[in-house]
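Here the structure is laid out as structure tokens; the discussion comes afterwards.
All ligand and atom numbering here is 1-based and tracks the order in the structure.
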Amino acid sequence: MEKIKSFQVDHTKFGVGMYISRIDGDIATYDLRMVKPNGGVYLSSPSMHTIEHLLATYVRNSRFGANIVYAGPMGCRTGFYLLVRGMEHEDAISLARDALKFISQYNDKIPGQSEEECGNYLEHDLESARRDVLPLLERLENYTVKMLDYNV
Ligand code: ZN
């Protein structure tokens, strides 16, 4: 089988940031890298789980809710995928920034955290989630569309 596009990116060449993983028609897949790949420090599963619930809730309730295809965790635990349809890159950066800010300040019941709504509702960690989004949030200050390119 052929090597898929996301495995063709040299993971030693980038750090925390937001990048375009691929474009399929009008759907853009962004990588939200929250820690450096192979940096020895990874997001914990409970933290990622909480970020996932809050990220998905935020983006789907935003003014771009109808443009959201999917938001979910990377198996390598270095970040998240954000798939959108028909959105400008500038707006996707703003949306990611707003979502991370929302998560960093969130101090309420985690949405969807019940046995009926979630597959592992006890495995959450809001405190870590709030802290883990900070490096990327800081990185996205003054972020430009050009910086979305993995090859820059
Ligand atoms: Zn869940």
Distance-only criterion, 3.5 Å: show the donor-acceptor pairs between side-chain atoms of residues 59-68 and protein atoms not counting sequence neighbours.
| from | atom 1 | to | atom 2 | distance (Å) |
| --- | --- | --- | --- | --- |
| Arg60 | NH1 | Ile68 | O | 3.4 |
| Arg60 | NH2 | Val69 | O | 3.1 |
| Asn61 | ND2 | Thr57 | O | 2.7 |
| Ser62 | OG | Val59 | O | 2.7 |
| Ser62 | OG | Phe64 | N | 3.1 |
| Asn67 | ND2 | Arg85 | O | 2.9 |
| Asn67 | ND2 | Gly86 | O | 3.4 |

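In this structure the side chain of Thr29 never reaches within 4.5 angstrom of the side chain of Tyr70, judged on heavy atoms.
Considering every non-hydrogen atom in both Met34 and Phe80, the closest pair reads CE-CD1, 3.6 Å. Heavy-atom minimum distance, Tyr19 versus Gly15: OH-O, 3.0 Å. Of all the heavy atoms in Val133 and Arg130, the pair that sits closest is CG2-O, 3.4 Å.
Taking hydrophobic clusters as Ile, Leu, Val, Met, Phe, Trp and Tyr residues chained together by side-chain heavy-atom distances below 4.5 Å, Leu55 shares a cluster with Tyr106.
Protein N, O or S atom count below 2.8 Å of the Zn ion (ligand 1): the structure gives 3.
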